[in-house]
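As the structure is a computational prediction, the values presented were derived from the model and not from experiment. Counting convention: from 1, in listed order, for ligands and their atoms alike.
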Amino acid sequence: MNEVEKLEARYIINTYGRKKEQNLFLVKGEGVYVWDNRGNRYLDFVGGLAVNLLGHCHPEVVKAITSQARELIHTSNLYYTRPQAELARILVEHSAGDQLFFANSGAEANEAAIKLVRKYHYPERYKIITARHSFHGRTLATVTATGQEKYQQGFAPLPEGFSYAIFNDLSSFEELVDRKTAAIMIEPVQGEGGIHVATPAFIRGLRELCDRTGALLVFDEVQCGLGRTGKLWAYEHWAVTPDLLTAAKGLGGGMPIGVMLARSGVAEAFKPGDHASTFGGNPVACQAALAVLKVLLEKAFLDGVWKRSQLFMSGLQLLAASFPKLVKEVRGLGMMVALELHEPLAGQAQQECQEKGLLVNAIGDKVLRFLPPLIVTEAELNRALTVLEQVLAGLQAVN
Ligand SMILES: Cc1ncc(COP(=O)(O)O)c(C=O)c1O
């Protein structure tokens, strides 16, 4: 164990269960690469779990952070600051929301959405239907919204009013809706649950169901939003707009920031004192987010992301065709992609990719998730495909 590992083992509560064999100690990042303390370079297709949209230490993000840090790092939300107001304007101008609330993470953005939904309907309705295999965060309310029991075990009693329907099965949502249903909340592309893309009929059906019953439609785009799928918001793929929208992860270029947007008519349900966050809308995080959005909104940036994502997807499909006994399915949207294996070999594949200089993320024991920075080049995508091919060939030889 090196010194940092010893300090961590002794002083940090062991929630992440970092695996000894992975043993990566990262010290530097630039573009799509990170370096470990031994000087090894890795192509980073984990991308900070969808945070590093513009890669590591993008010069515009670094400039925005450093220049704001020289002016004003923090002030309370008792006062006005310009970066907050400007970021709010840009986010609203480019989304389905009319007003927003600044938080610091995805869970906090979703927590704000859950509270707003309840406040809007108070006291008549309080129930929220989410999808099985969803992921909405780790606070008590958002972990309850998360349709995966494994994350809820040991934390009972959970907040009341959440129920779970089947993703991409409209009738299972219809069955759960009643007069107390305040909202339906989904990820248009489920991330942590294994990368599952909503079908057009499902997502449009949910919109109609909400319109018919008076429930609000909440899209959690914490992972799939902000260009990840090749459009600024994933919901643009289906031309369906939510009543509430949450984002976080990539927004701050690595700085912690989350946001809950709501359409007018809903947003006003929050009154002064109903919700707050000490750090929410911190000026440094907001300047970083302004720099990120400037790049994402550059003409043709997202077209390029989409084109390159299609090359990556075709490359993965070819691999699936070459290794049919190993690969069950390739799925995803834009730069949010999964490769599912027939056997529980994802951990081993992740480890072998790492040894060959490629970071990927195993979810569960059968799925490899790829979340490369959106700035990834065609050559870098091809490099990743070559490594994956070698790893799959190795796995095939011994399995
Ligand atoms: C869709 C989605 N929502 C919410 C969250 C929680 O975000 P955070 O970890 O920033 O609280 C995540 C994190 O993975 C996520 O993928």
Side-chain angles (χ1 to χ4, degrees), residues 15-17 45-53 95 101-117 128-148 150-152 155 162 164 167-168 183-198 203 206 217-229 232-235 237 242 244-261 277 279-282 285 288-289 292 332-338 360-364 367 369-372:
T15 58
Y16 294 108
F45 273 39
V46 176
L49 290 173
V51 167
N52 297 97
L53 294 176
S95 77
F101 176 83
F102 282 121
N104 310 291
S105 66
E108 281 183 47
N110 286 334
E111 187 83 23
I114 291 166
K115 283 181 72 178
L116 181 60
V117 156
I128 298 176
I129 308 171
T130 67
R132 294 196 195 144
H133 306 295
S134 58
F135 188 85
H136 299 294
R138 301 289 202 134
T139 63
L140 207 51
T142 59
V143 87
T144 309
T146 292
Q148 302 191 56
K150 66 177 181 197
Y151 293 123
Q152 299 168 349
F155 301 116
F162 290 87
Y164 314 98
F167 192 71
N168 274 340
I184 291 175
M185 176 170 174
I186 61 148
E187 298 156 81
V189 183
Q190 290 191 330
E192 208 273 346
I195 312 283
H196 297 282
V197 184
I203 208 154
L206 284 185
L217 184 60
V218 185
F219 285 166
D220 174 349
E221 294 222 10
V222 166
Q223 189 164 149
C224 64
L226 293 163
R228 172 62 49 197
T229 66
L232 190 61
W233 303 108
Y235 65 74
H237 288 279
L244 286 86
L245 170 68
T246 58
K249 287 204 185 266
L251 180 57
M255 295 294 289
I257 181 167
V259 67
M260 183 273 293
L261 293 126
S277 165
F279 287 116
N282 166 279
V292 169
L333 193 62
M335 293 291 186
M336 191 173 175
V337 187
V360 297
N361 170 237
I363 359 183
V367 176
R369 173 170 54 167
F370 309 102
L371 298 163

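Listed by chain and residue number, the protein contacts of ligand 1 are Ser105, Gly106, Ala107, Asn110, Phe135, His136, Gly137, Glu187, Asp220, Val222, Gln223, Lys249 (heavy atom within 4.0 angstrom).
With sequence neighbours excluded, no residue forms a side-chain hydrogen bond (donor to acceptor under 3.5 Å, both in side chains) with Thr144.
Contact between Leu226 and Ala247 at its shortest, heavy atoms only, is CD1-CB, 4.1 Å.
Residues Met185 and His136 have side chains in contact (heavy-atom distance under 4.5 Å, counting atoms from C-beta outward).
To the nearest 0.5 Å, the span separating CG on Leu261 from CZ on Phe102 amounts to 8.5 Å.
Ring-plane geometry between Tyr235 and Phe219 is classed as tilted, the angle between the planes lying from 30 to 60 degrees on a 0 to 90 degree scale.
Checking Glu111 against Thr139 by side-chain atom types alone, a donor-acceptor pair falls below 3.5 Å.
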